[in-house]
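Keep in mind that this is a model prediction, so the values were computed, not measured. In what follows, every chain begins at residue 1, and chains take the letters A, B, ... in the order their sequences are listed.
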Number of protein chains: 2
Amino acid sequence: MSGGPVVRCEVRPGAYYDSVVLMQLQRGLTALPGVLDAGVVMGTAANREILAASGLLTPEAERAEPGDLLIAVRAESEGTAGEALAGVDSLLRQRRGSSGEGYRPRGLDGAIRQLPEARWVLVSVPGRYAAGVASDALDRGLNVFLYSDNVSLDDEVALKRKAEALGLLVLGPDCGTAIVGGTGFAFANRVRRGPVGLVGASGTGLQLVTARIHELGSGVSHAIGTGGRDLSEAVGGATARQALDLLARDPETQVLVLLSKPPAPAVGARLLAAAARTGKPVVVSYLGFTPPLRRLGNLRFAASLAEAAELAVALAAEGGASPGEGGGAASPPPAGENLLLRGLFSGGTLAYEVQLGLSAFLAPLWSNLPSGVVKRLPDVHRSVGHTLLDLGEDEFTVGRLHPMIDPDLRLRRLRQEGADPQVGLIVLDLVLGDGAHADPAGALAPAIEQVRQAARTEGRDLAVSVLVVGTEEDPQGLEEQLATLERAGASTCRTTEALVAEVFRRFAPRPEPPAVPVPLSALAAPAPAINVGVESFYDSLAERGIPAVHVEWRPPAGGDARLAGLLERLKRA
Amino acid sequence: MSGGPVVRCEVRPGAYYDSVVLMQLQRGLTALPGVLDAGVVMGTAANREILAASGLLTPEAERAEPGDLLIAVRAESEGTAGEALAGVDSLLRQRRGSSGEGYRPRGLDGAIRQLPEARWVLVSVPGRYAAGVASDALDRGLNVFLYSDNVSLDDEVALKRKAEALGLLVLGPDCGTAIVGGTGFAFANRVRRGPVGLVGASGTGLQLVTARIHELGSGVSHAIGTGGRDLSEAVGGATARQALDLLARDPETQVLVLLSKPPAPAVGARLLAAAARTGKPVVVSYLGFTPPLRRLGNLRFAASLAEAAELAVALAAEGGASPGEGGGAASPPPAGENLLLRGLFSGGTLAYEVQLGLSAFLAPLWSNLPSGVVKRLPDVHRSVGHTLLDLGEDEFTVGRLHPMIDPDLRLRRLRQEGADPQVGLIVLDLVLGDGAHADPAGALAPAIEQVRQAARTEGRDLAVSVLVVGTEEDPQGLEEQLATLERAGASTCRTTEALVAEVFRRFAPRPEPPAVPVPLSALAAPAPAINVGVESFYDSLAERGIPAVHVEWRPPAGGDARLAGLLERLKRA
């Protein structure tokens, strides 16, 4: 026997332990005299890699399965290592004995008997068990805060459909934080109560924003985490839309904040419609995609978490609930809402910026300048659905002057789009200045009048909006150009933001309020809760005096998947 | 012969005509009595499609080649159509005769003799001839405004390398606008002169921003278009970097604006370094990617064109050239600048927002949360180059508590990264609040001290920066946590923006000033210019009294490519 450090590992197949217990066992082993390092992990590939990086992987451990518990120690000697491993059961017993707070229920029903006023269940058991526990909670009329990760997308969809039908909330899976009526669930900063209500598919994002709102002297009504996948196509923003509806009705919430990575396009559209429908100012921060808009009706866009906090506090200070100027977004769309949009631009960057703005809520959007979620038009000569074209692109300008000089191509296309009975709005740009056409409005006006008149004859309303770029010093005369367009029946605007707002007003999807609204009582303060899983989440509720019960949860068949399957079949038989 | 409208088309093979001439011919034909519509285009596939959409495509025209000129008319009768086509040559002669302004040079040398003070040549001949004309202009010591599109990328790279070596500018190809010392080239709005200098890979974007600056009561020193491909990897932002350097030295310019679609990552890094080096406030608007930062030293980010204009005007009103607080970006990077960055985060959204900010200037960047230009780390257990990790991702948390509760995994990884002699900065987050570790700073501090000490022993400087999220109400105590980290030698910050700024200060590429700076005389007012191509660009210079000469340019061999090739070979022989 050599005198150097030795590594020993014990593999316990198919055993379930709470991860707090494992962390404490690892700390207990490391603290033993003569033990240099210890690792206590489930035998997943990632965990075995981590053991290897710390020099704690032995040949037995290399062959472990994800369901196996690995207990590895590096010690000064063979003897110390052996003693440490031999002491594992006693360390585990110590831990078990420590929670001597009297009777703890083993399941939800027992917990409900102990805390009948509970409205929430916090679920943080391992992913493969979490959907079952959450579903049981919904069956019992309780809202679910679902901290667990590694829950399947199918399970998430099923849980959220069920919750929607019951008028209950499922926050998560993989939801790290929530503040419900001042009570933080799982990870939450202690912040002043106040006028800002938050909805976020992002845990630490919500934490940073709530902490910053507090630091700026304002406060939080509620912060509702949704889990990171809520805004995927499959889940459809189910929780986010329930939460927006709920905060819209909540009298404490004056300003809303919506945080997320950029949602799936169709979900983004429904979400902004739901946000517009709240009628309260909503600060939207889509990390990684900031539309080139400051405001869209009652919506404001922030480029960062910090900016979202600052905007929300500023809006709350202004008095919140009044949506202010430009609040047209919440108004119902005019007749013809299902018609299509066509954009015919001469300026590439103008087309691109408008398209970026539209892509926040209009999907699918087709273009010859595809980017992000905007799709490439298969044939630039034939528009499909909502289409935006840059007619100044190289493909259109071989042997031909730019459309800012020669309007011929655009006029032909304008007549073509105008004749399409599905088209409800045509947007154009018009760029004045030296080098451009001497009277571009005069060139466009007859065609605008003609397509609008032809549409009216067919009994439909065709609107034309023009973004005009120019100064009053430009040779064409800004005022005259605007007047010519307006006489022809077009509406005019001066910024891409205004043009996008006009499209939003007409084309934003009709918001669909939840079939079964979540009652405001879900947000009542305090929020008595049942905790199933990580015990420290219970501890921090108890510490703050929030009525709470911890369930002494164990997986079916002690975590043995084969045995659990057998039991399940027996139950059904 | 039936009485209905007839369509007739004439195909003229291999003929070159100025596109203004073609537009005017088409208008002339359409104006003839009995002519219902006319199309005069080069025979490209796109143009034939457009003729077809207007009912102007005949079987002869369908078989045309891109180099053929197509003249199509739809007329009331066969006779009228025939007469119209028979009159084409006389219409073309009318047009030729109209420009009776005396002698016009046929080439650059003649033009230079007529206007020896010219500093600029405006090139708008068809794409295949444009690089040749531009190159001739550079040979004669003249800056080039290259309006032409359909110029190859190889030609662009060659022209810009040549221009850089000569201390000259090539704006374009596909450059729609510039304002040089108050003189607009090609398409430009008439705006007040003033303190804002612009650089933009975007034509109508520059027009909208300059017009808006004017509307807000401020003005423009110069607006320098670069062409849309300037910020590609191949071109490397050659013109944009020359332009930033030039505007940095220009005494009229107090605030800069940089507009573009998101550049290639490596180009973006060099560009921001060049912008930082100007020492003047620079408003950056990358359409479609707004970093989650308001400021980065002297740089400010705007989410839209309109916001870029408003920020620039506000900064100019504040006095411009002083970069204000946080101006560290322009300071030289400390020793160790070529070392690597490693980020170990417990908060997914914090990691994501930091990563978005870093991706504006740090490339390549590796991560387990890839997005946009950030690459997916092939093996999450081994960092490569600049790496950012979210240790709270599902892959790390099977059977393990979240790193906000259990710091073990992060401590192991911190020691692993700290031992890598290439690592110069480690960034961490630390999230306080309920549910989190009772003393996370206390858990991290010994490892931070240890890795910094070990690095010092090896003679290198290893910095650690920590983003702390929390409030003074949090159970851990915000002030104590910050103090513990700082005692361990870490620097601390409270926003992702501040953390990103710290990384920028250390890792922004060293700016490379142009080897041959463009002399300020390139921007002198007015800007006498030689125009080669679209005649109306000359007209609008002449109208404003800018000294200008129009070259009566004809392509080699009258546009016949085969014959031109033969002549070229004869010249060389």
Side-chain angles (χ1 to χ4, degrees), chain A residues 19 23 41-42 44 46 49 53-54 149-150 184 186-191 202 204-205 207-208 211 214 287-288 290 292 303-306 347-350 352-353 356 371 381 394-401 404-406 409 412 416 431 433-436 469-471 473-474 495 497 537 540, chain B residues 19 23 41-42 44 46 49-50 53-54 149-150 184 186-191 202 204-205 207-208 211 214 287-288 290 292 303-306 347-350 352-353 356 371 381 394-401 404 406 412 416 431 433-436 469-471 473-474 495 497 536-537 540:
Chain A
S19 36
M23 175 178 75
V41 293
M42 301 307 293
T44 62
E49 282 266 12
S54 296
D149 57 15
N150 290 303
F187 303 125
N189 296 98
R190 294 201 184 163
V191 298
S202 130
T204 48
Q207 289 198 256
L208 189 141
H214 174 91
L287 298 172
T290 307
S304 69
L305 298 169
T349 304
L350 303 180
Y352 192 76
E353 190 172 62
L356 282 172
S371 70
H381 302 288
D394 290 14
E395 57 198 329
F396 290 114
T397 58
V398 178
R400 182 191 290 278
L401 286 169
M404 277 159 60
I405 310 179
D406 180 359
L409 177 62
R412 288 179 192 274
Q416 181 182 323
V431 183
D434 287 311
V469 174
T471 73
E473 314 268 323
D474 282 329
T495 63
E497 182 171 271
F537 294 158
S540 68
Chain B
S19 36
M23 174 178 74
V41 293
M42 301 306 294
T44 61
E49 282 265 14
I50 294 161
S54 296
D149 57 13
N150 290 302
F187 303 124
N189 295 98
R190 293 199 184 165
V191 298
S202 130
T204 47
Q207 289 197 254
L208 189 141
H214 174 90
L287 297 172
T290 307
S304 68
L305 298 169
T349 304
L350 303 180
Y352 192 76
E353 189 171 61
L356 281 172
S371 70
H381 303 287
D394 291 11
E395 58 199 329
F396 291 115
T397 58
V398 178
R400 182 191 290 278
L401 287 170
M404 276 160 60
D406 180 359
R412 289 180 193 272
Q416 181 182 323
V431 182
D434 286 311
V469 173
T471 72
E473 315 269 323
D474 282 329
T495 63
E497 180 172 272
S536 58
F537 294 158
S540 69

Kindly indicate whether the side chain of B:I50, heavy atoms from C-beta on, has any atom under 4.5 Å from the side chain of A:R400.
yes

Point-to-point distance, once rounded to the nearest 0.5 Å, from OG1 of B:T397 to CG of B:D406:
11.5 Å

Please rank B:S540, B:A188, B:A303 by heavy-atom pairs under 4.5 Å with chain A and give me the top one.
B:A188

Heavy-atom contact with chain A under 4.5 Å, split by part of B:Y352
side chain

Beyond-backbone contact of B:E473 with A:V191, side-chain heavy atoms, under 4.5 angstrom
no

I'd like to know if the side chain of A:E353 and the backbone of B:G205 have a donor-acceptor N/O pair within less than 3.5 Å.
no

Is A:A46 in contact with chain B via its backbone, its side chain, both, or neither, using a 4.5 Å heavy-atom distance?
both

Hey, which of B:Q207, B:E395, B:R412, B:M42 has the most heavy atom pairs under 4.5 Å with chain A?
B:R412

Give, as side chain, backbone, both or neither, the part of A:F537 having an atom under 4.5 angstrom from any heavy atom of chain B.
side chain

Among B:D394, B:L287, B:L208, B:V469, which residue has the highest count of heavy-atom pairs closer than 4.5 Å to chain A?
B:D394

Specify the closest pair of heavy atoms between B:T204 and A:G348, including all atoms of both residues, with the distance to one decimal.
OG1-N, 3.6 Å

So which of A:L350, A:D149, A:D434 has the biggest tally of heavy-atom pairs under 4.5 Å with chain B?
A:D434

Looking at A:L305, A:T44, A:L409, which has the largest count of heavy-atom pairs under 4.5 Å with chain B?
A:L305

Contacting region of B:T471 [heavy-atom separation from chain A under 4.5 Å]:
both

Which atoms form the tightest heavy-atom contact between B:S536 and A:I405, and what is the distance?
OG-CD1, 4.3 Å

Quick one: what part of B:L401 sits under 4.5 Å from any heavy atom of chain A, side chain, backbone, both or neither?
both

Of the listed A:G470, A:G184, A:S371, the one with the largest count of heavy-atom pairs under 4.5 Å with chain B is A:G470

